[in-house]
Amino acid sequence: MEECCSTKPKKEHNHEGHDHDHSHEVQDKSMIQLFLPAILSFTLLLIGITFDNFIENNWFNGWLRLIWYLVAYIPVGLPVLKEAYESIIKGDVFSEFFLMGIATIGAFAIGEYPEGVAVMLFYSVGEVFQAMAVNRAKTNIKSLLDQRPDEVTILKDGQPQTVKAEKVNIGEIIQLKSGEKLGLDGELLSEKASFNTAALTGESKPDTKTKGETVLAGMINLNTVSQVKVTTAYKDSKLSKILELVQNATSQKAPTELFIRKFAKIYTPIVVFLAIGITFLPYFFVDDYQFKAWLYKALVFLVISCPCALVISIPLGYFGGIGAGSRNGILFKGSNFLDVLANVQNVVMDKTGTMTEGVFKVQEVKFGSEFNKEEILKLVNALESQSTHPVATAIHNYAGEIDHSIQLENVEEIAGHGLKATINGKELLVGNFKLIDKFNISYDIKTDNIVYTLIAVAYDKKFVGYLTIADSIKEDAQLTINKLKALNVKTTMLSGDKTSVVQFVANELGIQNAFGDLLPEDKVNKVKELKAKNETVAFVGDGVNDAPVVALSDVGIAMGGLGSDATIETADVVIQDDKPSKIPMAINIGKQTKKIVWQNIILAFTVKAIVLALGAGGLATMWEAVFADVGVALIAILNAVRIQRMKF
């Protein structure tokens, strides 16, 4: 319990009170090996029951009968008793293994040998199915993500040579044939190549890359032979980080999961003491008290009360939700974020790169006639080369090659405003009009009615003019807002872009609230206003520039996980293919996961309550108890696994 919030990798199958990794055991064994102990026990049990009830004999009794059923019990019982012993040594006395151990040993003590064997047999079969379910969930996620080839073809002195992927050094060149999968992250050296990026984004639509662009491990080359220069070691590739992130996601537990774990830790000892009470207390209140009869009722009670169904099916449900997200290119950093998204009331989003393409194009340049347009553009282009903002790319694409002879001094990026530098002893300012106002430079134009992003320029304390830059709305942005409205989620857009541009985009999409001209601290204040209403907030942005808002919001969702390692580190949820339509999908996955988890909780408690009531009235035997424990656990597991087959 104390390490549930650790950042260390977790074992996927962790019943309260034991740390063994069933999924690892399953991986190492065949189906026959897994079920062999149960088959042996079942065969011996059937033969024993046949001798007891269907074949008349006078020899199958006494010590022979006890030894027969003990031999039937050992293959399934011994591993469980061993687990119980190991749990006790670690200080956890009241594990489910302990419950099953005392229930079955008790059954033997009162002569109910077949029932003792049957309880342990069905419990062991249930454990194998649980382990298989966990292993399948884990394997599904791994196969979805970690699809890198073991070997790659590199060029050595112009000759192709096949080597192990993990042995390839940074700077070496990979030759990638059509249909081959890239083994390491790198830079495309060929002029153009198309890739299937499904392993990373969940999207099979081809993504065309041009020379110099980044290509990632897991992408499949779709056309001609391409060459890629390796830029990242095998263990540090984007796919490795994503895989590690998803596999470690189970360390961040949802409140429901944490509650059930705490509940099981308190609940199990209470059950044991109640069973002791059921055995001995009736002696003081019942006239015809029979120790054997009341001990049997107590053992039935113990088996029914075992919290197995809850302890495994709930983590498995959340693990299934994380897997469903991975399949659709959505990475959840923990099951707690599935819970938050299931109940989210507000989605607050950035504009650029989230709801718009983030690919800017210069529309027009309006400089004063007294300035040399070409010269000023060269200076602006040189200064913007210091920035990674999409606006800088747009200006570079418009102005052409950077003049490296221009000497930039005292370059400074002013957050939420723009860039400042000194050139030839003169101050150059490039940014929004707030930057111009900050330096008290006068201008005589009205900017409010221009529905474009404006980049103002001032040089040598004089206002030069401005460039207008436009960005296009993403094709699935409208669908995103419609789906969020259908989920009764309120939408708000916050942007540092000018208010008229932000309002235009918001009106086009039907976003309820929109605010522009915001500095990072203004965004924080807007989110604080929503939080003050006791409403849950998900913030969607680039996860780096908006780090304060991401930290303040209940869940931070980053767009463009393919673009930035820092994004993966910062955000709670990463959408890998930049598609805003994955936001309502993530919320829906959260809702479906929560629904399945609560179905399992209600099923387990209802069935156990009914069988307990029957047991208290003496109507339930050990067989009903087995169903209440193992049967319900298996039904809950099948229900939990169901989420991995859902289409969102």
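All of these numbers come straight from a predicted model, not from anything done at the bench.
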Just by distance, do the side chain of [X] and the backbone of [Y] share a donor-acceptor pair under 3.5 Å?
X      : Y      : value
Ser124 : Val76  : yes
Lys582 : Asn328 : yes
Ser581 : Thr480 : no
Asp92  : Lys90  : no
Lys490 : Asn346 : no

Is the closest side-chain heavy-atom distance between [X] and [Y] below 4.5 Å?
X      : Y      : answer
Ile49  : Tyr69  : yes
Asn343 : Lys594 : yes
Phe539 : Leu552 : no
Met585 : Ile575 : no
Ile587 : Val347 : yes
Ile596 : Arg642 : yes
Met559 : Val540 : yes

Excluding sequence neighbours, so at least two apart, what forms side chain to side chain donor-acceptor pair (under 3.5 Å) with [X]?
X      : value
Thr104 : Tyr73
Gln345 : Thr536
Gln592 : none
Thr492 : none

Give the minimum heavy-atom separation between [X] and [Y], together with the two atoms involved.
X      : Y      : answer
Ile557 : Leu341 : CD1-CD2, 4.1 Å
Thr593 : Gly317 : CG2-O, 3.5 Å
Phe98  : Ala84  : N-CB, 3.8 Å
Ile643 : Ala324 : O-CB, 4.0 Å
Ile589 : Phe332 : CG2-CE1, 4.2 Å
Leu81  : Gly101 : CD2-CA, 3.7 Å

(message) Run the salt bridge (Lys or Arg N to Asp or Glu O under 4.0 Å) test against Lys591 and tell me which residues pass, sequence neighbours left out.
(response) none
(request) Check salt bridge (Lys or Arg N to Asp or Glu O under 4.0 Å) between Lys531 and all other residues, then give those that pass, not counting sequence neighbours. (result) Asp554
Rounded to the nearest 0.5 Å, what's the gap from [atom1] on [X] to [atom2] on [Y]? Could you check?
X      : Y      : atom1 : atom2 : result
Asn525 : Leu530 : CG    : CG    : 11.5 Å
Leu281 : Ile278 : CG    : CD1   : 9.0 Å
Leu295 : Ile276 : CG    : CD1   : 11.0 Å
Leu46  : Phe54  : CG    : CZ    : 10.0 Å
Asn482 : Leu487 : CG    : CG    : 11.0 Å
Arg327 : Arg645 : CZ    : CZ    : 9.5 Å

Within 6.0 Å of [atom1] in [X], more than 12 heavy atoms from elsewhere:
X      : atom1 : value
Phe42  : CZ    : no
Tyr289 : OH    : yes
Lys485 : NZ    : yes
Ile55  : CD1   : yes

Using atom types as modelled, flag every donor-acceptor pair under 3.5 Å from a side chain in residues 109-116 to any protein atom, sequence neighbours excluded.
unit_1, atom_1, unit_2, atom_2, d
Glu115, OE1, Tyr296, OH, 2.5
Glu115, OE2, Tyr296, OH, 3.2

(request) Show your working on side chain to side chain contact (heavy atoms under 4.5 Å, CB included) between Trp63 and Leu66 and close with a plain yes or no. (result) CA-CA 5 Å; Trp63 283 104; Leu66 172 60; 3.7 Å; yes
(request) Using ring pair (Phe, Tyr, Trp, His ring centres under 6.0 Å) as the criterion, list what pairs up with Phe35, not counting sequence neighbours. (result)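 Partners of Phe35 by the ring pair (Phe, Tyr, Trp, His ring centres under 6.0 Å) criterion, ordered by chain and then number, come out as Phe129.
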(message) Suppose we screen for ring pair (Phe, Tyr, Trp, His ring centres under 6.0 Å). Which residues come up paired with Phe273, at least two apart in sequence or across chains?
(response) Phe94
(request) Take the angle between the ring planes of Trp68 and Phe60 and call it parallel below 30°, perpendicular above 60°, tilted in between. (result)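 Correct class here is perpendicular.
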Please list, chain by chain and in numerical order, all residues satisfying side-chain contact (heavy atoms from CB on, under 4.5 Å) with [X], sequence neighbours excluded.
X      : value
Leu64  : Trp59
Phe605 : Phe263, Leu310, Ile601
Gln290 : Ala293

(request) List the steps, then state whether side chain to side chain contact (heavy atoms under 4.5 Å, CB included) holds for Leu331 with Ser326. (result) CA-CA 5 Å; Leu331 302 184; Ser326 301; 4.2 Å; yes
(request) For side chain to side chain contact (heavy atoms under 4.5 Å, CB included), just list the numbers for Met120 and Val80, CA-CA rounded to whole Å, side-chain angles, deciding distance to a tenth of an Å, and then say yes or no. (result) CA-CA 8 Å; Met120 195 57 88; Val80 175; 3.8 Å; yes
(request) Using side-chain contact (heavy atoms from CB on, under 4.5 Å) as the criterion, point out the one residue from Val348, Ile481, Asn513 that pairs with Thr491. (result) Ile481
(request) Could you go through the side chain to side chain contact (heavy atoms under 4.5 Å, CB included) check for Trp294 and Phe280 one step at a time? (result) CA-CA 8 Å; Trp294 285 100; Phe280 296 107; over 6 Å; no
